[in-house]
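Quick note on labels: first sequence line is chain A, next is B, and so on, each numbered from 1. Because the structure is predicted, anything quoted here is derived from the model rather than measured.
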Protein chains: 2
Amino acid sequence: MNKVTIDDIAKVAGVSKSTVSRVLQGRVAVHPDKKNAVLTATRRLGFKPNIVAQSLASGRSMTIGVLTQNMGSPFYDAIAQGVIAGLSPSSYSPIFADGRWQIPMELSALQSLVGRRVDGLVLIGGSISSQQIQECCNELPIVIVARRFSDSNYRCISMDNVHGGYEATRHLLDCGHRKIAIIRGLSHHADAIERHQGYTRALEEFGIVPDPRLMVESDFSPDSGLSAVRELIKRGEPFTAIFAANDLTAFGARLALDQHGLRVPDDVSIIGFDDQLESAYMTPPLTTYHQPAREMGHHAAKAILKLLQGDEFLSLQVPGHLVVRRSVRDLTTIVH
Amino acid sequence: MNKVTIDDIAKVAGVSKSTVSRVLQGRVAVHPDKKNAVLTATRRLGFKPNIVAQSLASGRSMTIGVLTQNMGSPFYDAIAQGVIAGLSPSSYSPIFADGRWQIPMELSALQSLVGRRVDGLVLIGGSISSQQIQECCNELPIVIVARRFSDSNYRCISMDNVHGGYEATRHLLDCGHRKIAIIRGLSHHADAIERHQGYTRALEEFGIVPDPRLMVESDFSPDSGLSAVRELIKRGEPFTAIFAANDLTAFGARLALDQHGLRVPDDVSIIGFDDQLESAYMTPPLTTYHQPAREMGHHAAKAILKLLQGDEFLSLQVPGHLVVRRSVRDLTTIVH
DNA sequence: CGATATCCTGAAACCGGTTTCATGATGGCT
DNA sequence: AGCCATCATGAAACCGGTTTCAGGATATCG
């Protein structure tokens with residue numbers, strides 16, 4: 001292990017430890033001779049500063065706590081990757097804790113992060129209330145990703161899911177679809193609710209009354225997408241298109257259709273949500289609504305860095321956009 | 001912020017800070033009355049220990065450094081997720097740094113981790129030499145995942161890629177395929193090399209001389225899988241099956257085949273490698289070789305925890321296995 | 001040339017805990 | 001009753017840095 005301390009350097013360089021510290025920090029002027037002596041000794045002894053001691057003394061830990069929900073969802077993973085990337089050019093390191101979408105775990109993970117004296121916090125998704133956050137993180141710079149608080153003054157980096165749901169549904173409508181099924185996500189999940197709202201709004205704009213028989217729930221997993229389509233088919237209510245809660249669900253749905261001998265997009269069209277890497281390689285490539293997950297994570301990292309510098313930073317809505325590929329059939333084009 | 005220190009508690013409870021520390025640690029007996037007083041004060045004041053101070057004093061930082069290569073590959077991501085999960089029941093937190101498969105970055109990331117005085121290290125993949133590792137991490141418990149060192153005494157958690165490559169190819173052979181193309185990964189990447197070795201061995205067992213015209217390189221991305229198939233088709237050498245470097249590459253290959261009007265598995269069979277989540281939902285579901293990525297990460301976490309406890313732990317080869325789905329056609333069954 | 005401002009520098013306090021050490025109190029045993 | 005082992009506890013040292021403070025050396029200025 002590295003047993004070299006600044007005291008050792010001080011001794012070798014023939015100066016006091018204060019001077020060593022000053023040289024190493026480089027914020028205060030030190031006589032060139034001593035400076036050189038310190039630098040030489042530092043190199044010769046292979047000194048590596050003890051960041052823990054630095055943290056305790058300076059009050060800054062140079063770490064950013066990242067609270068994920070680790071549901072293995074590509075979307076949340078991509079956000080986390082973005083945070084790592086955004087932080088990496090700085091001298092801050094991310095430290096992760098995992099809430100697993102369960103409030104008690106989320107709370108304790110958060111407390112563990114705060115106990116580690118992180119200098120800032122990035123909260124990805126999650127379900128705890130803004131009040132609970134406030135309680136344990138007074139004064140700490142916080143950025144929330146992929147979630148929005150109506151009531152609070154937190155900085156949030158999010159995407160407009162209502163609008164996304166609207167655009168996706170609207171695309172199906174524009175392509176002439178009228179019987180549009182929706183596989184929505186978990187009933188209590190904000191993203192699912194908002195996308196569903198967008199769906200409803202788009203339909204109503206076209207004077208269509210949303211049919212509960214064309215609505216199935218899922219848990220965002222491919223498997224639930226598969227069951228959802230089976231359920232849909234069992235109900236017998238015809239449909240020409242499916243709006244899936246996310247791409248993963250769309251994959252499951254696509255497979256179920258295949259198993260029932262229904263062709264995509266010839267018989268049934270599918271639109272997803274997220275635009276994860278694999279979606280472009282579905283057969284047929286999946287039309288979906290792109291969520292800039294990685295960018296959001298990246299933004300979050302930059303935001304925290306800004307706040308840490310004392311700069312202000314305001315909530316940000318990152319725009320998503322429709323990615324048209326080949327899984328939606330255009331019914332308005334007359335085929336021979 | 002939390003300004004309550006054990007001195008405050010000591011004052012309120014009317015004991016010394018040593019006693020407070022002892023109560024909080026619970027390792028030494030303390031008179032019940034005082035113990036109660038301390039506990040009450042702790043609760044009333046809302047005391048949260050400063051982990052940084054604890055670390056400095058005790059010499060243990062309660063953090064495990066995780067060095068990833070963050071190439072956004074589902075396989076490596078899954079390992080990292082496994083590490084997070086495996087660590088989460090303990091009181092150790094993972095702290096991440098990213099090498100991006102570039103030796104200089106890898107080295108500096110490693111040094112930053114060591115500077116943070118992590119108590120243990122999990123290295124996922126990577127390219128730095130075992131000597132370089134040794135230089136900066138003397139004495140530190142280390143577990144290597146998804147990589148093996150021939151020369152060293154590190155504990156490695158890995159899978160036998162040669163065997164995996166062999167099994168995958170063997171499956172194709174057993175299904176009657178003889179013209180088997182391989183899309184191998186990056187030329188210098190150990191996993192790619194080993195899987196390729198397994199491929200070659202299986203072919204030779206069947207008396208088949210590997211045909212360089214049926215070998216294309218890729219970079220493990222879906223896009224490179226797509227180009228690889230185009231290249232293969234352009235070369236004109238017929239083939240009935242493709243062994244892809246990983247599932248992502250297989251997705252790309254599958255799409256390329258579709259674009260050329262070739263059906264899977266009727267015209268061409270595909271086998272992948274990894275068994276990532278999405279593979280079961282490809283159309284047709286992808287036959288692939290399962291790598292227990294998450295388990296490997298989980299094992300790594302448990303291993304580090306063991307080493308930290310003073311227990312020994314030896315290198316581990318986690319077995320993979322073939323997952324037969326529907327993307328490989330059995331040519332040995334006579335079709336009318 | 002003396003007075004004052006400025007620059008360096010070392011000593012010491014500090015960050016908030018853990019751990020060692022010494023001591024007084026208790027308890028067990030003969 | 002007397003002696004030694006045990007126990008509980010507070011004081012103080014310690015972890016390895018940063019930062020304050022004060023003083024000596026130097027520079028500036030009238």
(request) Measure from CD1 on B:Ile51 to C1' on D:dC15 and round the result to the nearest Å. (result) 17 Å

(message) Please report the distance, rounded to the nearest Å, between CZ in A:Arg27 and C1' in C:dC8.
(response) 18 Å

(message) If the cut-off is 4.0 Å, is A:Ser58 near the phosphate of D:dT18, judged by side-chain N/O to OP1 or OP2?
(response) no

(message) In whole Å, I'd like the distance from the CG atom of A:Asp7 to the C1' atom of D:dT18.
(response) 12 Å

(request) Taking the side chain as every heavy atom from C-beta outward, state whether B:Thr19 and B:Arg22 have any atom pair closer than 4.5 Å. (result) yes

(message) What is the separation between atom CG on B:Asp8 and atom P on C:dG16, rounded to the nearest whole Å?
(response) 9 Å

(message) List the residues meeting ring-ring contact (aromatic ring centres under 6.0 Å, His included) with A:Phe96, not counting sequence neighbours, and say none if there are none.
(response) B:Phe96

(request) Answer yes or no: does a side-chain N or O of A:Gln25 lie under 4.0 Å from OP1 or OP2 of D:dT19? (result) yes

(request) Determine whether A:Phe313 and A:Ile157 make a side-chain contact, defined as any pair of heavy atoms from C-beta on separated by less than 4.5 Å. (result) yes

(request) Could you state the atom-to-atom distance from CE of A:Met62 to P of D:dG17 in whole Å? (result) 16 Å

(message) By nearest atom, which of the nucleotides C:dA11, C:dT19, D:dG17 is closest to the B:Ser18 side chain?
(response) C:dT19

(request) Please round to 10 degrees the angle between the axis of the first five pairs and the axis of the last five pairs in the helix from C:dC1-D:dG30 to C:dT30-D:dA1. (result) 40°

(message) Taking A:Gly65's backbone N and O only, do any of them form a donor-acceptor pair with A:Arg116's side chain (distance below 3.5 Å, no angle check)?
(response) no

(message) Looking at every heavy atom in both B:Leu87 and B:Pro94, which two are closest together, and how far apart are they?
(response) CD2-CB, 3.8 Å

(message) Between P on C:dG16 and NZ on B:Lys48, what's the gap in Å once rounded to a whole number?
(response) 16 Å

(message) By the definition side chain to side chain contact (heavy atoms under 4.5 Å, CB included), identify the one residue from B:Leu113, B:Leu121, B:Leu308, B:Val143 that meets it with B:Ile64.
(response) B:Leu308

(request) Answer yes if the side chains of A:Arg117 and A:Ser55 hold a donor-acceptor pair under 3.5 Å, and no otherwise. (result) no

(request) Please evaluate the base of C:dG16 for a donor-acceptor partner in the side chain of B:Lys17 within a cut-off of under 3.5 Å? (result) no

(message) What is the distance, to the nearest angstrom, from the NZ atom on A:Lys3 to the C1' atom on D:dG16?
(response) 11 Å

(request) To the nearest 0.5 angstrom, please state how far the CZ atom of A:Arg148 sits from the CG atom of A:Asp160. (result) 6.0 Å

(message) Side-chain N or O of A:Gln54 versus OP1/OP2 of D:dG16: is the shortest distance under 4.0 Å?
(response) no

(request) Before accepting this row, confirm whether a basic side-chain N of the pair A:Glu295/A:Lys302 lies closer than 4.0 Å to the acidic partner's carboxylate O. (result) no

(message) Rounded to whole Å, how long is the line connecting atom CG of A:Leu56 with atom P of C:dA13?
(response) 17 Å

Give me the distances for all protein-to-nucleotides 5-9 of chain D N/O pairs that come in under 3.5 Å?
from  : atom 1 : to      : atom 2 : distance (Å)
D:dT9 : OP2    : B:His31 : N      : 2.8

